[in-house]
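What you see is a predicted model; the values in this text were computed from it and never measured.
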Amino acid sequence: MTSTDRDAAPQYVLPLVVRIERAAPPARTDALETAARAVLTFLSDERALGEGEWAEAVRGWEDARIRKVVRRARGSEWRRAEALPGITVTGKSAEVRVFPPVPLDGWPKDLAKLQVSGTELDDPDPPSGPDLAGAVLWLSPGLDMSAGKAMAQAGHGAQLAWWDLPADERAAWRDSGFPLAVRTPSAARWSTLTASGLPVVRDAGFTEIAPGSCTVVADHPALRTR
């Protein structure tokens, strides 16, 4: 499908909600990694596949732009979000709930009123070096993105990796709980990564950054040997 076809198709968005309580916000990197795992968990769920109850919405979403929007919730907002159909994925400090795709202008009321802004998160300690024997989603070192935007981009990267993996590697990744890391490389390494042939996320430019910006390189051992 061409870009023109994608733009002409009905537009859907995959909603994600991150829980951010005032007293205990999640660490930024853990939130990004949890969002990526939430997307993968959703894509591999039987309800999103074949004739599953979410499958038609997923097909409509995948036929258009693969939009993801991250909103934040706490307290009663989070409890109302949890009552809606979806999947909650928990990290070390983060909780992210992913919902079936909805029309761009058709968000459920309890999600539509949640804020997109305010997802500024920090890492208490610098993240350790990634395990290169596993999946790594490399974030562009040259772009300044809010945590919410970066969470959506990490989700995009995870989805591209999922699409490109052969069925046996998908199954192995799923069965092991989708281990992955999100890290920011040096500028020199980023240049090498973007030219490596690995899947690259190019942002559509709807929010925060310029259209066509390379935001994430999706690195997985099975993709390095293609």
Side-chain angles (χ1 to χ4, degrees), residues 12-22 24-45 61 65-74 77-78 81-82 84 86-102 104 107 111-112 114-124 126-127 130 135-163 177-185 199-209 213-219:
Y12 288 79
V13 61
L14 187 77
L16 296 102
V17 175
V18 56
R19 184 178 186 180
I20 303 181
E21 300 289 350
R22 284 196 180 97
R28 180 185 173 98
T29 296
D30 188 45
L32 270 58
E33 292 172 350
T34 304
R37 284 198 304 275
V39 170
L40 292 165
T41 301
F42 176 82
L43 291 172
S44 60
D45 191 281
W61 171 59
R65 294 285 181 178
I66 308 299
R67 298 191 189 194
K68 299 177 184 71
V69 172
V70 177
R71 300 191 178 210
R72 61 180 173 88
R74 62 173 178 262
E77 295 173 331
W78 175 256
E82 277 205 306
L84 297 173
I87 303 170
T88 297
V89 175
T90 302
K92 296 175 182 176
S93 62
E95 289 181 79
V96 176
R97 189 164 180 83
V98 57
F99 304 85
V102 297
L104 195 59
W107 285 64
L111 298 183
L114 298 177
Q115 296 295 311
V116 176
S117 60
T119 53
E120 296 307 321
L121 301 171
D122 297 309
D123 283 313
V136 185
L137 304 174
W138 298 101
L139 288 177
S140 170
L143 295 174
D144 184 18
M145 294 184 282
S146 68
K149 178 71 172 181
M151 288 170 69
Q153 299 303 304
H156 293 332
Q159 186 167 0
L160 292 187
W162 179 253
W163 280 349
F178 295 118
L180 57 85
V182 177
R183 296 293 187 271
T184 302
V200 178
V201 177
R202 297 182 184 276
D203 193 66
F206 295 120
T207 61
E208 293 194 24
I209 57 179
S213 298
C214 298
T215 59
V216 177
V217 173
D219 186 5

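When the side chain to side chain donor-acceptor pair (under 3.5 Å) test is applied to R97, the partners found at least two apart in sequence or on another chain are T88. Legend: residues meeting side chain to side chain donor-acceptor pair (under 3.5 Å) with S140, ordered by chain and number and at least two apart, are absent. In this structure, D30 has no salt bridge (Lys or Arg N to Asp or Glu O under 4.0 Å) partners at least two apart in sequence or on a different chain. Every residue was checked against the side chain to side chain donor-acceptor pair (under 3.5 Å) condition with S213, not counting sequence neighbours, and none meets it. The side chain to side chain donor-acceptor pair (under 3.5 Å) test applied to E33 returns R183, not counting sequence neighbours. Listed by chain and residue number, R19 satisfy the salt bridge (Lys or Arg N to Asp or Glu O under 4.0 Å) test with E21 (two or more places apart in sequence, or in another chain).
L137 approaches A36 most closely through the heavy-atom pair CD1-CB, 3.7 Å. When every heavy atom of V17 is checked against every heavy atom of R72, the shortest pair comes out as CG1-C, 4.3 Å. A pairwise comparison of heavy atoms in P15 and P101 identifies CD-CA, 4.3 Å as the closest pair. Between A147 and L32, the shortest heavy-atom contact is O-CD1, 3.9 Å. For the residue pair W78 and V18, the shortest heavy atom distance occurs at CZ3-C, 4.2 Å. When all heavy atoms of A38 and V98 are compared, the pair lying nearest together is O-CG1, 3.6 Å.
Within the 4.5 Å cutoff, no side-chain heavy atoms of L160 are placed close to those of H156. For the pair F178 and S44, the minimum side-chain heavy-atom distance is below 4.5 Å. In this structure the side chain of R71 never reaches within 4.5 angstrom of the side chain of L111, judged on heavy atoms. Residues I87 and D45 form a side-chain contact, since some pair of their non-hydrogen atoms from C-beta on lies under 4.5 Å apart.
Between F99 and W107, the ring centre distance reaches or exceeds 6.0 Å.
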CA sep, side-chain torsions, deciding dist, call: L16, F42, side-chain contact (heavy atoms from CB on, under 4.5 Å): CA-CA 11 Å; L16 296 102; F42 176 82; over 6 Å; no
So L180 and L40, side-chain contact (heavy atoms from CB on, under 4.5 Å) or not? Walk me through it. CA-CA 11 Å; L180 57 85; L40 292 165; 3.8 Å; yes
Any chance you could lay out the side-chain contact (heavy atoms from CB on, under 4.5 Å) test for L104 and R67, step after step, and finish with the verdict? CA-CA 9 Å; L104 195 59; R67 298 191 189 194; 3.1 Å; yes
For the pair I209 and K149, evaluate side-chain contact (heavy atoms from CB on, under 4.5 Å) and give the outcome as yes or no after the intermediate values. CA-CA 9 Å; I209 57 179; K149 178 71 172 181; 4.0 Å; yes
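Judged by distance alone, the side chain of T34 and the main-chain N or O of V96 form no donor-acceptor pair under 3.5 Å.
Between the OG1 atom of T90 and the CD atom of E95 there is a distance of 4.5 Å, given to the nearest 0.5 Å. Taking CZ of R28 as the start and OG of S146 as the end, the distance is 7.0 Å to the nearest 0.5 Å. Taken from CD1 in I20 to CD in Q115, the straight-line distance is 11.5 Å, to the nearest 0.5 Å.
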